[in-house]
Structures are given as C-alpha cells and as structure tokens.
Amino acid sequence: IPKSYLIYVFKYHSNVSFIEFKKVVRIYDAINLIDAGFLKSNSLICLSKKTGFSTYDSFLTSFKEITGVEPQEYNKMIKE
C-alpha cells in the first residue's frame, strides 16, 4: 500500500493529519520518559533522538507547542 494512500486514509478518518498525530505521540513518549527519570542519566538531546525527532530544535518547539512548557520546566515541575 503506498504511503501517500495510508496518510490520506488516516486524515479521512480522523480530525488530525498523520504528521501531527506522530508528533503528539512522540511528545507523550518523551513525557513518559521524563516521568520515568530518563533525564537523570541522559540529556535532552538524547531524549529528542530517542523519541524520533530529527533535530533538537524541532523537539523543543513541538514540546512547548503541545505541553505549553519547555522540557526543562516540565522536568522541574515533576521533581517538586
């Protein structure tokens, strides 16, 4: 099945594009890793790569867009 057809079917049956869905899933994966203590022994750059982002900047932008805070702020919030 062609990739373009799968993307079309996904968009047809949902209110969000596949790319947006993939971004949200990756951010929630990052949140789960932060909650599990991933940043105690790893960096944010490592977290961005582990969750599938091609660049650190795109990870930061997406994280703030979805959660409203930067990853460092989120990590501080859960420590308190």
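Computed from heavy atoms alone, side chains included, the values below leave out hydrogens, waters and symmetry copies.
Inter-residue side-chain proximity for Phe59 and Arg26 is flagged as unmet; no heavy-atom pair is nearer than 4.5 Å. Looking only at side-chain heavy atoms (C-beta outward), Lys64 and Val69 stay at 4.5 Å or farther from each other.
The cluster map of Ile, Leu, Val, Met, Phe, Trp and Tyr, joined by side-chain heavy atoms under 4.5 Å apart, puts Leu60 and Met77 in the same cluster. Side-chain heavy atoms closer than 4.5 Å link hydrophobic residues (I, L, V, M, F, W, Y) into clusters, and following such links, possibly through other members, connects Leu47 to Val24. Note: the hydrophobic cluster containing Ile45 also contains Ile31 (ILVMFWY, side chain heavy atoms under 4.5 Å, direct or indirect links).
With rounding to the nearest 0.5 Å, the separation of OG in Ser48 from OH in Tyr56 is 7.5 Å. Here the NZ-CD distance, from Lys76 to Glu70, works out to 10.0 Å after rounding to the nearest 0.5 Å. Between atom CD1 of residue Ile66 and atom CD1 of residue Ile27 there is a gap of 5.0 Å, rounded to the nearest 0.5 Å. Here the straight-line distance linking atom CG of Asn75 with atom CG of Leu39 works out to 5.0 Å at 0.5 Å rounding. Between Lys23 atom NZ and Thr51 atom OG1 the span is 13.0 Å, to the nearest 0.5 Å. With rounding to the nearest 0.5 angstrom, the CD atom of Glu73 is 9.5 Å from the CZ atom of Phe63.
Across Leu44 and Pro71, no two heavy atoms sit closer than the pair CD2-CB, 3.6 Å.
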Anything under 3.5 Å between a donor and an acceptor, one on a side chain of residues 3-19, the other on a protein residue two or more places apart or in another chain? List them.
unit_1, atom_1, unit_2, atom_2, d
Ser14, OG, Phe10, O, 2.7
Ser14, OG, Val16, O, 2.9
Ser17, OG, Glu20, N, 3.2

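Applying the side chain to side chain donor-acceptor pair (under 3.5 Å) test to residues at least two apart or on different chains, the pairs with a partner in residues 27-41 are Asp35-Tyr74.
Side-chain contact check for Ser58 and Thr55: at least one donor-acceptor pair (N or O, by modelled atom type) lies under 3.5 Å.
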